[in-house]
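Computed from heavy atoms alone, side chains included, the values below leave out hydrogens, waters and symmetry copies. Throughout, protein chains are lettered first and strands after them, A, B, ... in sequence-line order, and every chain is numbered starting at 1.
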Amino acid sequence: MAKSKKIVTKTLFHVLIILFGLVMIYPVLWMIFGSFKNNREILNNSMQLLPNIWRPENYSTGWKGFGEITFSTFFANSFFVTAIATLACTISSALIAYALARVKFKGRKFWFVCMISTLMLPSQVVMIPQYIIFQKLNLVNTYVPLILPFFFGQAFFIYMMMQFIAGLPKELDEAAIIDGCSKYTIFTRIIFPLISPALITTVIIQFYWKWDDFLGPLIYLSRPEKYTASLAIKMFADASSTTDYGAMFAMSTLSLVPVFLIFLFFNRYLMEGISTTGMKD
Amino acid sequence: MAKNTGGNSLKLKKFLNRDNTVGYVFALPFIIGFLGFTIVPMIVSLYFSFTNYNMISAPQWVGLKNYVRMFTEDNRFVNSVGVTLKYVFISVPLKLIFALIVAFLLTRKSKAVSVYRSVYYIPSLIGGSVAVSLVWKQLFSTKGLINNILHSLGMARISWFGDEHAAVWPLILMAIWQFGSSMIIFAAGLTQIPASYYEAARIDGAGIVKQFFFITLPSLSPVILFNLVMQMITGFMSFTQTYVISNGTGDPNDATNFFALYIYNQAFKYFDMGYASAMAWILLILISLITFIIFKTSSTWVFYENE
């Protein structure tokens, strides 16, 4: 009797959790199915999830973009900016994390505090002068302002990698020195390969952030052929007086595809990364 | 001669291998970036905040005028701070409570649980995107899904983005919807709580609710503190959602004119760079102040293991 009661509560628990999960992802499902509907269905029939008639042509309409520029340009732009920023951020953050976590140099504490304090600095404070500086250098409407800051590490990832490096036994370094490694080759041969899970996590999270970034492109890019996908989708929604919602959702859905693919394949790294940065020790 | 160069290169090698050299070589990217992209812009920004600057003519020193204007003449600014505080103070606690409860319910290690967690994490993953903001705008439109559900439940439809009293709520809901990343952090914290604590409590006859309040909550308090501060900062900087949903206006009647959006408009729509810089500094001061208060009060509610 007790056992069957336990099974009932357990099933109930799972059903509730699944139902709640459905509610959570319903907006996403609604967008995906919406990308196959026409305006009338989207605007007047929002209670219905599945389209009456599937309209895959929304994707080709949407792909045409606006002002003679197609979404192949916008997605290529996004990939370019995201790939360089992500790579630069990952490598520079690893170098910095090694210095701050493993090398006992003068001023280490000071630079560590500086690094942590940038975590809490609202970007609005530096956004305006940065814009003015880039404008004076004639770099507005190029990708330099969107990419260059990432060559100098990002506090969030430096901190995460430091946690990771702190977990590696010091004896590894000592053994390497006996084997004739310098402090430099310790980094390239030992630390860098060993923190690869943290590197992968950094790549994933930085990819997401940069791919989604809207404020940066909004400020710096005004020529449509330079637009990234996130900016282009917003402009697509505004471009004509009557928005084609189906096509807009089609492009929105496509813009989330890379995000979902990475999520599907690298889920474990993502979860670990988020948990380690949140921990105090 | 040959011996001498050998000595020099040995010296160089020794110099290069000193901790101070190695440290600064590896930390160099950070130091350059910190000076170039944080410290110098901050100083420039502080200077601008005391000037009138429209990017066409040279900055004009006006002393504290920008700061005075903000609090005495600019009702939109005062309102913007109020709206942002309301958004942050409602959405952040609710988001963390949700994250905590779900993390607590999903502690067991099983395949199903990790799948559930991933599903609950999806909104956090995509929540910052333009795509989701566009969907949100449709869901809360006059004939949108939310209103249709309200209607079928016999309630009145609400003009979510037309009514100044309603407009901030979809944004608050969107923030709470993204409780996933906090949940993952809490879940990781939960695994660190020794099982023996719960066993002891169970022997003493404590139910699941008591266990939550007397074991889970105190043990997790350092993680809660960390999350509280980080989510608060994120909340204050919230921009994309309100920009996309209100088309950059902060309408209706400035009800969604968040701090970050107002700064953006002052700077990049009106090109009032001096005034916008002054506002950015007030934002920094406000965030620092609230962080300070949270840390000050934390001694009463945060428990560290080794105390």
Side-chain angles (χ1 to χ4, degrees), chain A residues 14 17 21 24-25 27-28 30-31 42-44 46-47 92 95-96 98-100 103-106 108 111 114-115 118 120-126 128-130 132 149 151-153 182-184 208 212 214-215 219 230 233-234 237 245 248 252 255-256 259 263 267 271 274-275 278-280, chain B residues 17 19-20 22-24 26-27 29-34 37-38 41-42 44-45 48 55 116 118-120 122-123 125-126 128-131 134-135 138-139 143-145 148 181 184-185 188-189 222-223 226-227 233 236-237 239-240 244 260 263 267-268 273 276-277 280-281 283-284 287 291:
Chain A
H14 281 272
I17 293 282
M24 289 284 293
I25 57 164
V28 185
W30 192 80
M31 173 189 71
I42 291 170
L43 298 177
N44 296 331
S46 54
M47 290 288 261
S92 58
L95 294 169
I96 298 159
Y98 173 65
L100 292 176
V103 187
K104 293 208 162 28
F105 64 99
K106 260 194 206 124
R108 175 166 78 144
W111 293 116
C114 291
M115 189 274 289
T118 62
M120 300 188 142
L121 183 75
S123 55
Q124 276 77 12
V125 177
V126 292
I128 293 162
Q130 275 186 16
I132 291 166
F151 280 81
F152 307 101
S182 70
K183 293 256 163 64
Y184 300 90
Y208 285 151
D212 271 354
F214 178 68
L215 182 56
I219 291 174
S230 61
I233 290 168
K234 171 73 182 98
Y245 287 96
M248 182 184 86
S252 298
S255 78
L256 296 179
V259 174
F263 179 64
N267 193 0
M271 297 296 150
I274 300 162
S275 346
M279 301 309 299
K280 292 276 302 180
Chain B
N17 257 312
D19 272 346
N20 278 339
V22 178
Y24 276 97
F26 279 91
F30 172 74
I31 295 168
I32 295 172
F34 183 67
F37 290 98
T38 305
M42 276 178 87
V44 174
S45 163
F48 281 154
M55 291 192 70
Y116 296 153
S118 301
V119 170
Y120 288 167
I122 288 176
L125 188 68
I126 57 170
S129 66
V130 172
L134 288 169
V135 172
Q138 284 316 308
L139 290 178
K143 284 183 180 173
L145 179 66
N148 280 340
S181 57
I184 304 284
I185 297 173
V223 188
F226 173 86
N227 262 292
I233 295 173
F236 270 107
M237 287 164 56
F239 174 81
T240 305
V244 171
I263 293 177
F268 299 103
M273 294 295 183
S277 300
W281 274 91
L283 175 65
L284 176 63
I287 290 180
T291 311

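Of the atoms belonging to I233(B), it is side-chain heavy atoms, and not backbone ones, that fall under 4.5 Å from chain A. Heavy atoms of S255(A) lying under 4.5 Å from chain B belong exclusively to its side chain. At a 4.5 Å heavy-atom cutoff, the contact between F30(B) and chain A is made by backbone and side-chain atoms alike. Heavy-atom distances place both the backbone and the side chain of I17(A) under 4.5 Å from chain B. Looking at I287(B), only its side chain comes within 4.5 Å of chain A, counting heavy atoms on both sides. Both the backbone and the side chain of Y120(B) have a heavy atom closer than 4.5 Å to some heavy atom of chain A. If you measure heavy-atom distances from F37(B) to chain A, the contacts under 4.5 Å come from both the backbone and the side chain. In this structure, chain B has a heavy atom under 4.5 Å from the side chain of V28(A), while its backbone stays farther away. Contacts of T118(A) with chain B are made by side-chain atoms alone, with heavy-atom separations under 4.5 Å and no backbone atom involved. Residue Y98(A) touches chain B through its side chain alone, counting heavy-atom pairs closer than 4.5 Å.
The shortest side-chain heavy-atom distance between I122(B) and M24(A) does not fall under the 4.5 Å cut-off. At a threshold of 4.5 Å between non-hydrogen side-chain atoms, the residues F105(A) and W111(A) count as touching.
In this structure, the separation between CZ on R108(A) and CG on D19(B) is 9.0 Å, given to the nearest 0.5 Å.
With respect to chain B, the highest number of heavy-atom pairs below 4.5 Å among V259(A), I219(A), I25(A) belongs to I219(A).
With sequence neighbours excluded, the residues forming a side chain to side chain contact (heavy atoms under 4.5 Å, CB included) with K106(A) are N20(B), listed by chain and number. When the side chain to side chain contact (heavy atoms under 4.5 Å, CB included) test is applied to A276(B), the partners found at least two apart in sequence or on another chain are I128(A), I263(B), Q266(B), A267(B).
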For this session: Verify side chain to side chain contact (heavy atoms under 4.5 Å, CB included) between M55(B) and I132(A), making sure each step is shown before the conclusion.
Result: CA-CA 8 Å; M55(B) 291 192 70; I132(A) 291 166; 4.1 Å; yes
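The two residues D212(A) and S129(B) come nearest to each other via the heavy atoms OD1-CB, 3.3 Å.
Between the side chain of S46(A) and the backbone N or O of L145(B) there is at least one donor-acceptor pair closer than 3.5 Å.
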